[in-house]
Amino acid sequence: MLRTMVMAVQAGFAALLAGTGLACATPTDTNSPALEHFYSQPLQWKSCDNLRLDQAHAQCADVTVPLNYSAPQGETITVAISRMAATDPVRRHGVMLSNSGGPGGEGLDFMVDVGAAMTPDVRARYDLIGIDPRGVGRSSPIDCHWPRGFGLQAAGIDATSFAESVAAQADLATRCATDEGERLRYFTTRNTARDMDVIRGVLGEERVSYFGTSYGTYLGAVFTQMFPERSDRIVLDSSADPDRYGPVGMMQDMGPANEAALDRWADWTAAHEDEYHLGATRQQVREKVLELIRRSAADPIRFGDFTIDDHTLPVLLFTELDAPRKYPTLAATVGQLAEAADGKTVELAPELNSALAFILNAQPRDNSAQLAIMCGDVAAPRDPAWYWGNIEAARASQPIFGDFVNNLTSCAFWAPPAESPTRVRNSVPTLIVQSTGDTRTPYPGASAMHRDLTASRMVTLQDVPIHWIFGNYPNNCTYDVVNTYLRDGTLPATDVTCHAD
């Protein structure tokens with residue numbers, strides 16, 4: 001039954017891809033005269049119309065870049081940037097570009113948080129540049145008109161649920177191919193790195209420093225690979241493995257880390273059994289979660305204004321496991337789900353209501369840019385049976401998240417990438433910052449990044465389950481190392497291990 005349903009979906013989608021042109025010329029060199037006018041364009045600085053940025057006295061501008069660097073005389077798009085000026089022009093070192101993650105994360109106000117973690121003498125040295133990368137936010141956004149906001153979903157508990165997911169993911173891919181057409185192929189990490197070099201030139205800098213977290217670490221590594229001579233002080237916080245980046249490997253790597261995080265949350269919740277009533281032991285709490293997933297598959301749970309099934313419930317858990325401060329919120333949510341599954345009416349907290357409105361109803365808008373960038377960067381296997389085999393194999397060791405991190409995405413139905421993935425191997429001096437308990441970019445990925453960037457140093461925050469440290473999780477040891485590097489440009493003599501304050 002599974003193969004019959006899947007083959008029907010594949011047959012319909014093959015017709016859509018049949019007319020997609022795959023030939024792609026080598027992108028024009030960024031030093032080419034064909035790109036000169038992009039690098040020399042004047043900027044019109046204006047108010048950002050963003051409360052956080054306005055309070056930080058930032059200004060914003062739009063940078064014009066080619067949609068396709070292979071044809072710079074063709075269609076153009078704009079990339080929105082913000083600038084918070086160095087607080088001491090006399091000590092100014094240069095500009096620091098940034099990326100907040102995703103892919104698909106908006107970043108205009110990201111440096112407000114990063115700048116707050118800097119010591120005054122470091123903040124004095126940099127113009128902090130926030131960026132909405134191409135296709136995201138205010139930067140010629142991708143709009144596939146998805147019915148749901150978050151493209152990733154769990155496969156579900158059985159073959160029938162998986163077939164539903166296959167059909168849903170094929171539909172998302174079809175919508176993007178139909179609504180965005182050929183331009184979709186140029187929203188990629190390599191083109192975002194090229195945009196960053198244009199921004200460097202427009203700002204009049206020979207080199208740029210950079211702070212990136214999560215996906216932003218991959219983007220930063222790609223930039224150093226493509227533009228090593230333009231790279232200054234580089235900080236990669238919570239790193240992905242550049243060889244595993246993409247819609248398959250990067251997702252699979254999250255499975256063990258999230259199961260471990262669920263154990264930590266279950267231990268905490270069991271210790272507060274008198275408040276949440278989800279079980280007095282880790283195993284009891286875990287079994288309650290599994291029971292809810294099974295029940296949601298058989299009879300989707302009416303949860304406020306939403307319906308939660310086995311495709312969505314693991315995603316809801318995943319979104320709350322990246323920081324221990326969220327444990328009470330997650331316990332309360334699971335408790336409400338249990339009540340709703342028993343037929344009780346529950347009132348959702350505003351934050352949870354907003355999160356579900358985005359995930360399930362694409363309100364205020366979808367994040368199709370996330371998968372568009374990943375699918376445009378790295379090709380994914382196309383045979384759904386391959387994914388189903390991985391899902392079934394993972395269930396024993398990853399009973400909650402195995403069917404989520406191994407599920408196929410819309411990339412299985414995407415046109416092949418216009419360029420090959422970037423192989424990151426260089427000796428640009430880089431500071432890598434990583435916690436051992438990270439659920440989004442697990443620790444082994446940062447270790448791989450460290451090996452691939454041969455001149456890097458790594459700061460390990462030991463036994464702390466947090467994703468994104470500098471600017472998000474205060475830690476004196478980690479912050480001191482980052483601030484020293486940004487102030488003096490000197491990496492630690494050896495790798496550093498930090499502990500929670």
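A salt bridge links Arg91 to Asp88: at least one charged side-chain nitrogen sits closer than 4.0 Å to a carboxylate oxygen. Using a cutoff of 4.0 Å between basic side-chain nitrogens and carboxylate oxygens, Arg451 and Asp241 are not scored as salt-bridged. Ion pairing of Arg92 with Glu205 is present here, as a side-chain N (NZ or NE/NH1/NH2) and a carboxylate O approach within less than 4.0 Å. Ion pairing of Glu106 with Arg365 is present here, as a side-chain N (NZ or NE/NH1/NH2) and a carboxylate O approach within less than 4.0 Å.
Remark: side-chain polar atoms of Asn426 are paired, donor with acceptor, to backbone N or O of Val428 under 3.5 angstrom. Put simply, the side chain of Asn475 gets close to the backbone of His499: a donor and an acceptor are under 3.5 Å apart. Proximity of a side-chain donor or acceptor of Asp366 to a complementary backbone N or O of Ala362 within less than 3.5 Å is not detected. With Gln370 contributing its side chain and Phe150 its backbone, the two residues share no donor-acceptor pair below 3.5 Å. No donor-acceptor pair closer than 3.5 Å links the side chain of Asp62 to the backbone N or O of Thr78. No donor-acceptor pair under 3.5 Å is formed between the side chain of Asp132 and the backbone N or O of Ser139. At least one donor-acceptor pair closer than 3.5 Å links the side chain of Gln41 to the backbone N or O of Phe38. Side-chain atoms of Ser456 come within 3.5 Å of backbone N or O of His450 as a donor-acceptor pair. Looking at Ser435, its side chain does come within 3.5 Å of a backbone N or O of Val464 through a donor-acceptor pair. Arg230 places a side-chain N or O within 3.5 Å of a backbone atom of Glu206 that can act as its donor or acceptor partner.
Side-chain contact between Val459 and Val482: absent, with no pair of heavy atoms (C-beta onward) separated by less than 4.5 Å. Between Leu431 and Leu486, the closest side-chain pair of non-hydrogen atoms is not below 4.5 Å. In this structure, Arg286 and Asp263 have side chains that are in contact, with non-hydrogen atoms separated by less than 4.5 Å. A heavy-atom distance below 4.5 Å is found between the side chains of His311 and Ser165. A 4.5 Å side-chain heavy-atom check between Asp109 and Leu51 finds every atom pair outside the cut-off. Met196 places none of its side-chain heavy atoms less than 4.5 Å from the side chain of Pro133. Residues Met118 and Met96 are in side-chain contact: their nearest non-hydrogen atoms beyond the backbone lie under 4.5 Å apart. Side-chain contact between Thr319 and Lys326 is absent, with no heavy atoms from C-beta onward closer than 4.5 Å.
In summary, the side chains of Arg440 and Ser238 do not present any donor paired with an acceptor at a separation below 3.5 Å, with no hydrogens or angles considered. No side-chain donor from either of Thr422 and Tyr218 sits under 3.5 Å from a side-chain acceptor of the other. Counted by atom type alone, Tyr39 and Asp197 present one or more donor-acceptor pairs between their side chains at under 3.5 Å. Trp414 and Ser410 share no side-chain donor-acceptor pair at under 3.5 Å. A donor and an acceptor atom, one from each side chain of Arg233 and Tyr126, are located under 3.5 Å apart. Side-chain polar atoms of His467 and Ser214 form a donor-acceptor pair below 3.5 angstrom. Tyr327 and Asp267 are not linked by any side-chain donor-acceptor pair at a separation below 3.5 angstrom, with hydrogens and angles left out of the test.
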Point to revise | side-chain contact (heavy atoms from CB on, under 4.5 Å) between Leu35 and Tyr69, worked out | key: CA-CA 8 Å; Leu35 290 171; Tyr69 278 85; 4.0 Å; yes

Practice item. Check step by step if salt bridge (charged side-chain N to carboxylate O under 4.0 Å, His left out) holds for Arg125 and Asp488. Key: CA-CA 10 Å; Arg125 285 167 162 79; Asp488 303 332; 5.3 Å; no

Exercise for review: Just do the side-chain contact (heavy atoms from CB on, under 4.5 Å) check on Ile432 and Asp495 with the steps written out, would you?
Suggested key: CA-CA 9 Å; Ile432 297 170; Asp495 292 343; over 6 Å; no

Exercise for review: Take Phe223 and Ser231, measure what side-chain contact (heavy atoms from CB on, under 4.5 Å) needs, and give me the verdict at the end.
Suggested key: CA-CA 8 Å; Phe223 181 83; Ser231 303; 3.6 Å; yes

Review point. Under the side-chain contact (heavy atoms from CB on, under 4.5 Å) criterion, do Met251 and Asn407 qualify, and how do the steps go?
Key: CA-CA 9 Å; Met251 288 297 299; Asn407 195 21; over 6 Å; no

Check your understanding: Is there a side-chain hydrogen bond (donor to acceptor under 3.5 Å, both in side chains) between Asp253 and Tyr245 once you walk through the steps?
Key -> CA-CA 10 Å; Asp253 292 346; Tyr245 165 78; over 6 Å; no

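Dense packing is recorded around NE2 of His272, with more than 12 heavy atoms of other residues, nucleotides or ligands lying under 6.0 Å away. A 6.0 Å sphere centred on CZ of Arg183 holds more than 12 heavy atoms belonging to other residues, nucleotides or ligands. Heavy atoms from other residues, nucleotides or ligands lying under 6.0 Å from CD of Gln462 number more than 12.
Of the residues Thr189, Thr441, Asn99, the one that meets the side-chain hydrogen bond (donor to acceptor under 3.5 Å, both in side chains) test with Tyr215 is Thr189. Between Met84 and the options Asp127, Val112, Val114, a side chain to side chain contact (heavy atoms under 4.5 Å, CB included) holds for only Val112.
Scanning both residues, Ile466 and Ala323, for their nearest heavy atoms gives CD1-CB, 3.5 Å. Smallest separation of non-hydrogen atoms from Ala500 and Tyr473: CB-OH, 4.1 Å. When every heavy atom of Pro381 is checked against every heavy atom of Ala412, the shortest pair comes out as O-CB, 3.5 Å. The two residues Asp310 and Ile293 make their nearest non-hydrogen contact at CB-O, 3.9 Å. Annotation for Ala154 and Asp403: closest pair CB-OD2, 3.5 Å, computed over non-hydrogen atoms. Closest approach of Leu128 to Gly115, counting heavy atoms only: CD1-CA, 3.7 Å.
Asp195 contributes atom CG, which lies 11.0 Å from atom CG of Leu97 (distance to the nearest 0.5 angstrom). Taking CG of Asp463 as the reference point, atom SG of Cys498 lies at 12.5 Å (rounded to 0.5 Å). We find the CG-SG distance between Leu371 and Cys411 to be 5.0 Å, quoted to the nearest 0.5 Å. Here the CD1 atom belonging to Ile234 is positioned 6.0 Å from the OG atom belonging to Ser209, to the nearest 0.5 angstrom. Note that the OG atom of Ser140 and the CG atom of Leu67 stand 8.5 Å from one another [nearest 0.5 Å]. To the nearest 0.5 angstrom, Asn68 atom CG is 9.0 Å from Arg194 atom CZ.
Checked against the 6.0 Å centroid criterion, the rings of Phe404 and Phe318 qualify as a close aromatic pair.
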